[in-house]
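Worksheet for the structure shown next.
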Amino acid sequence: SFDEIFLLQLGVLRQKYEWSQQQGQIYQVDNEWLIERIQQLDFELTKSQLHVLTEIRQDLASGHPMNRLLQGDVGSGKTVIAALAVSIVVKADAQGAFMAPTSILAEQHYHSLRKLLANPNDENATLQEDQIRLLIGDTPTKERENIMAGLADGSIKLVIGTHALIEDPVTFKNLQIAIVDEQHRFGVSQRAALREKGNNPHLLVMTATPIPRSLALTIYGDLDISVMDEMPLGRKPVETHIAYPIERERV
């Protein structure tokens, strides 16, 4: 058992070393710009969120591709941190991709990110509404073709979707940040396939599943790990229910 874990750890650390030697695009924003973006939000960021945001800014400015795992409970505010990371990159005319495991989750993120990044009531919005698109299995053929064309020519800056994003026909003009939500639902090869859509893009993977630190270092040793352990003020507790098949309509 020791030998197996030792070999796994060696492989993971080798991956981390090889990735850290790659050159990554540098993305920097001044404090005033970022503070203005944060002040446009309808809520105040927690200390935990601000700390993770600082780590991500350092990654984006390092000259090497970001390779970070963000762990935080449901409701801790991971999506807004991902949105701010995307805004730093797309401000420089690059593109972002946000991959979620299910169509329902992808649609939820699409609506959240449009509100955060392309709010028509915000005159300083990072993106226009038509620069953010949703690509899932149910996307109609005509719309899918438009999205493909927009990603290839660079007019679409952020695409949110399921594993449909990593299928061969999807090509980007300049993918520079890839975000994977519910990371544990995807395999290593799927993460790599999304990354290969760009030239050493920055990678942020997120999970709400608590991972003991020892296990995280073993399985995700190729990633830098950030933990958000604080809930925003006034956040309603999350309720979890089991629904049986006969309750499907009610759900």
So, for [X] and [Y], which heavy atoms are closest and what is the spacing to 0.1 Å?
X	Y	answer
Leu60	Ile88	CD1-CG2, 3.9 Å
Pro65	Pro201	CB-O, 3.7 Å
Tyr244	Ile242	CZ-CG2, 4.0 Å
Ile132	Tyr110	O-CE1, 3.6 Å
Ala97	Leu194	CB-CD1, 4.1 Å
Val80	Gln49	CG1-NE2, 3.3 Å

Can you tell me how far [atom2] of [Y] sits from [atom1] of [X], rounded to the nearest 0.5 angstrom?
X	Y	atom1	atom2	value
Asn67	Asn200	CG	CG	11.0 Å
Gln15	Ser20	CD	OG	11.5 Å
Leu135	Met99	CG	CE	12.0 Å
Ile26	Gln176	CD1	CD	11.5 Å
Glu196	Ile166	CD	CD1	10.0 Å
Leu50	Met228	CG	CE	10.5 Å

Are [Y] and [X] connected in a single hydrophobic cluster, I mean Ile/Leu/Val/Met/Phe/Trp/Tyr linked by side-chain heavy atoms less than 4.5 Å apart?
X	Y	value
Ile147	Val170	yes
Leu13	Ile225	no
Leu113	Leu203	no
Met206	Ile81	yes
Tyr27	Leu84	yes

### Task
Evaluate the criterion side chain to side chain contact (heavy atoms under 4.5 Å, CB included) for residue pair Val86 and Leu116; output intermediate values, then yes/no.
CA-CA 11 Å; Val86 166; Leu116 288 165; over 6 Å; no
Mark yes when over 12 heavy atoms from residues, nucleotides or ligands other than [X] sit less than 6.0 Å from its [atom1]; otherwise mark no.
X	atom1	result
Ile246	CD1	no
Ile104	CD1	no
Gln22	CD	yes
Glu4	CD	no

Main chain of [Y], side chain of [X]: is a donor-acceptor contact present, judged purely on distance under 3.5 Å?
X	Y	value
Gln95	Leu151	yes
His64	Gly24	no
Asp181	Ala100	no
Arg57	Ala85	no
Lys197	Glu167	yes
Gln131	Gln128	yes
Glu230	Ser48	yes
Gln40	Arg37	no

Does a side-chain heavy-atom distance below 4.5 Å link [X] with [Y]?
X	Y	value
Ile179	His109	no
Phe98	Ile177	no
Thr46	Met231	no

#### Entry: Working for side chain to side chain contact (heavy atoms under 4.5 Å, CB included), residues Asp224 and Met66
CA-CA 8 Å; Asp224 296 311; Met66 174 167 67; over 6 Å; no
### Worked verdict on Trp19 versus Lys16 for side chain to side chain contact (heavy atoms under 4.5 Å, CB included)
CA-CA 5 Å; Trp19 188 244; Lys16 182 172 189 172; 6.0 Å; no
### Message
Testing Leu34, Leu127, Leu117 one by one against Ser87 for a side-chain contact (heavy atoms from CB on, under 4.5 Å), which residue passes?
### Response
Leu117
### Task
Begin from the C-alpha positions of Leu10 and Phe6 and carry the test side chain to side chain contact (heavy atoms under 4.5 Å, CB included) through to its verdict.
CA-CA 6 Å; Leu10 279 181; Phe6 181 69; 3.6 Å; yes
### Query
What pairs meet the salt bridge (charged side-chain N to carboxylate O under 4.0 Å, His left out) rule with one or both residues in residues 67-78, with sequence neighbours excluded?
Glu55-Arg68, Asp59-Arg68
